[in-house]
Amino acid sequence: MKKYFISLLLLMSVHVVLAQDKEVQKFREATDDSKSGNYKEVLSNLFQLGTSNLTGPNKSVEFNSTLYGIKSIFCENITTDKVFSEQKFSRNLEFNTKLNFDEQFKYKGFSGGITYALINQRDKDVANFKDTDLYKNLQFLDNELSEIQFGFVEQLTKTDDKELSAKIEAINLATSILINKEFDKIDELSKSNIYFDKIITEFENRNKSIKLVDHITKIHELRDKEYSDLEKKALWTVSLNGTTNDKGNNKKLTFGTVFLQGFKHLELDIRSNLIYSDTLIEKSVQRLESRNSAGLNYKMFKRNDQSVFEIKLYMEYNSILKNQLADEKKNTFLASSDFRLRVTKDIWVPLTIKYDIEKSNFLGFLNITYNFGKEDEDKLVLNE
């Protein structure tokens, strides 16, 4: 009987740890679900494969990966809470590569560089989830209910009750439902399981100033606030990318920055790029230009808390700062829109439409983005 009791205690201890880890994993998944397609194109979680401008003259195939994603291939325990929280630099650093082609898919050159997130509030919240009031209150509830469970089981094992196994099973069931917050099952099962009321009474006897229902309500309120705030978190990245021609000669250097700020269904999007380039045509002409845009991304439709259709409306202002060519204007304004459709969980199809305000011309660009790699409770694996 003693061996049976010790084994049972070990199993229940593991159950409590798993329940708390499950909450951490649930928050990670909710954080990922809160990210729009527009957000993931700025900074990928793990790996991202994409094609740009499929219908235009300058096409490209892109592959982006965070340092964290690369490490995940070689380190099985990188998703555990302790290791994950130590990977801030790796999660915020992304490597960017791109193969460029002309209209006939003839190779034109290569682009490569890095992106780093100076502000990545959602990722920070995931890493610090165990410091939140939500997690601390959940941990308190789980520990209290588990100790009560241990006490009831210990009392039963000291008796010769013929229904020992059935009663222990009833205690485990009641405790599991309370720990996992499956409250819709309580009213129905409490009629046939007396341990629901016994566990609730014991909890309130141990914590005179806390009513279990009030504590559960508090947890729900904290969870709703924590999860609803996810979409409002800011992201600010800076990037440096270089481009060569088909002969490997340096052609362009781009320094860029992107700032995103969520407002529930809306997302403020501000971008700026400073581009140094060399025409390398008849003679070397070194140019400097600025490309800027600002607008709002609207998550129009959602499915299972994930954005599935988005529309971004924004204005672009481009300016030639040095060595303007004879056939181009120094300043241009464009009214632009992106329509982004989520085909599967990981595949987005963005369509960009630009309108030249001065020339009254429309331009369209079709892209495809595939985000792959996923995290589960034990390890990170590539999607199959």
Side-chain angles (χ1 to χ4, degrees), residues 1-30 80-82 85 125-126 128-230 377:
M1 182 64 71
K2 185 176 181 181
K3 289 183 178 178
Y4 171 78
F5 179 61
I6 292 173
S7 299
L8 188 62
L9 289 182
L10 289 172
L11 285 172
M12 287 190 284
S13 298
V14 171
H15 176 77
V16 174
V17 174
L18 289 177
Q20 294 170 4
D21 287 346
K22 185 177 180 181
E23 192 68 36
V24 175
Q25 183 65 22
K26 182 179 178 182
F27 186 72
R28 286 190 193 178
E29 292 172 356
T80 60
D81 298 322
K82 184 178 186 303
S85 63
D125 286 354
V126 171
N128 297 333
F129 180 63
K130 287 193 172 182
D131 296 327
T132 63
D133 288 340
L134 171 59
Y135 185 82
K136 290 176 181 177
N137 278 275
L138 284 167
Q139 189 178 40
F140 169 76
L141 177 64
D142 292 350
N143 291 339
E144 284 291 301
L145 292 177
S146 297
E147 287 181 14
I148 292 170
Q149 178 188 21
F150 296 163
F152 282 140
V153 171
E154 185 178 22
Q155 291 174 12
L156 284 173
T157 56
K158 293 177 180 179
T159 69
D160 294 325
D161 197 319
K162 295 180 180 180
E163 297 180 355
L164 177 64
S165 296
K167 288 184 177 180
I168 289 178
E169 185 177 341
I171 292 171
N172 292 343
L173 175 63
T175 307
S176 176
I177 287 174
L178 289 169
I179 285 179
N180 293 317
K181 279 67 74 176
E182 299 175 31
F183 305 117
D184 56 321
K185 299 180 181 179
I186 294 177
D187 290 338
E188 178 184 351
L189 293 176
S190 61
K191 298 174 183 176
S192 58
N193 189 336
I194 63 172
Y195 285 102
F196 279 106
D197 288 336
K198 287 189 174 185
I199 291 172
I200 292 172
T201 301
E202 179 64 20
F203 176 90
E204 294 178 354
N205 287 337
R206 290 164 60 100
N207 304 277
K208 299 295 184 180
S209 61
I210 303 175
K211 294 290 185 183
L212 182 58
V213 173
D214 293 340
H215 190 71
I216 290 169
T217 302
K218 179 182 179 180
I219 288 173
H220 277 292
E221 290 173 349
L222 288 170
R223 179 185 283 115
D224 290 343
K225 182 180 185 304
E226 201 73 43
Y227 282 42
S228 64
D229 285 346
L230 284 173
E377 292 100 354

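Shortest non-hydrogen contact noted between Y135 and F129 is CB-O, 3.3 Å. Across all non-hydrogen atoms, the minimal contact from I148 to R206 is CG1-CD, 3.6 Å. Of all heavy-atom pairs spanning R28 and V126, the tightest one is CG-CG1, 3.5 Å. For the pair K211 and F203, the tightest heavy-atom approach, listed with the atom from each and the gap, is C-CE2, 4.5 Å.
Interatomic distance, K136 NZ to I219 CD1, rounded to the nearest 0.5 Å: 14.0 Å. Note that the CG atom of D224 and the CG atom of D229 stand 10.5 Å from one another [nearest 0.5 Å]. Distance check, rounded to the nearest 0.5 Å: CD of E144 to CD of E204 gives 12.0 Å. Rounded to the nearest 0.5 Å, atoms NE2 (H220) and CZ (R223) are 6.0 Å apart. The CZ atom of F27 lies 11.5 Å from the CG atom of L138; values are rounded to the nearest 0.5 Å.
A salt bridge does not link K218 to D214: none of the charged side-chain nitrogens sits closer than 4.0 Å to a carboxylate oxygen.
Contact check for L134 versus Y227: side-chain heavy atoms found under the 4.5 Å cut-off.
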Quiz item: Stepwise, does the side chain to side chain contact (heavy atoms under 4.5 Å, CB included) test hold for L141 with N137?
Solution: CA-CA 6 Å; L141 177 64; N137 278 275; over 6 Å; no
